[in-house]
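Note sheet for the following structure.
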Amino acid sequence: MTSGYQADFPGVLASSAINGRQRFVFPNSVYSNDGGQTYVDNTDIVIRDAQYAFFSTAAWRDAQTNYYSSAAFWKLREVVLSYKVPTKLLGVGRFVKDATISLVGRNLLMFRPKTNLWTDPEFSNTTGNAVGVTTLSQSPPTRVYGFNVNLTF
């Protein structure tokens, strides 16, 4: 589960700008005209306030399913390309017995579903029973490039 309610409250998520913050028919909603005996798809009843009051109320924010997203992903976590220098290039005296040069890259690519509007599904910032909850305050994974030189004398 990925949670975004911290950002809905101040109105910084795309969901808080639904329909230009104008009144709208709530998607996939139903209503009953007969005291709950039957339900009809809602196609014409709009919400009262599509601005701050709607997204800051407990009715919207406490329904955590509003913030579920797929945690499926593919990640190219680390790549190392190494070249072992031939011993004949190391010189006649062979002060250096062996040499390897490597290029290193971490967190090069990550593919995740478009429904995941937040960040890396591997990261989990939890307290108590909030297993697998990510927050908008986390930093994205850092992409790192580097090189190594290993010498044996």
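Throughout, residue positions are numbered sequentially from 1 according to the sequence presented. All values below come from the heavy atoms of this structure, side chains included, with hydrogens, waters and symmetry mates left out.
A 4.5 Å side-chain heavy-atom check between Tyr83 and Val85 finds at least one atom pair inside the cut-off. Counting heavy atoms from C-beta on, the side chains of Leu90 and Lys97 never come closer than 4.5 Å. For the pair Asp98 and Lys84, the minimum side-chain heavy-atom distance is below 4.5 Å.
Hydrophobic clustering (ILVMFWY, side-chain heavy atoms < 4.5 Å, transitive): Val149 and Leu103 are in one cluster. Put simply, Leu109 and Leu81 are part of the same group of oily side chains (I, L, V, M, F, W, Y) that touch within less than 4.5 Å, one to the next. Both Leu76 and Phe111 are members of a single hydrophobic cluster when ILVMFWY side chains are connected at heavy-atom separations under 4.5 Å. Residues Val79 and Trp74 fall within the same hydrophobic cluster, defined by Ile, Leu, Val, Met, Phe, Trp and Tyr side chains chained together at heavy-atom separations under 4.5 Å. Placement of Leu89 and Val96 within a single hydrophobic cluster is found when ILVMFWY residues are connected by side-chain heavy-atom separations under 4.5 Å, directly or transitively.
Residues Val25 and Thr43 share a closest heavy-atom pair of CG2-O, 3.8 Å. Between Pro113 and Ala72 the shortest heavy-atom distance is CD-O, 3.0 Å.
Between the side chain of Ser32 and the main chain of Thr38, a donor-acceptor pair closer than 3.5 Å is present. Formation of a donor-acceptor pair under 3.5 Å by the Arg143 side chain with backbone atoms of Leu108 is found in this model. Side chain of Asn42 to backbone of Asp44: a donor-acceptor contact under 3.5 angstrom is found.
In this structure, OH in Tyr39 is found 8.5 Å from CG in Asp34, a value given to the nearest 0.5 Å. If you take CE on Met110 and NZ on Lys75, they are separated by 5.5 Å, rounding to the nearest 0.5 Å.
More than 12 heavy atoms of other shown residues, nucleotides or ligands fall within 6.0 angstrom of atom CZ in Phe153.
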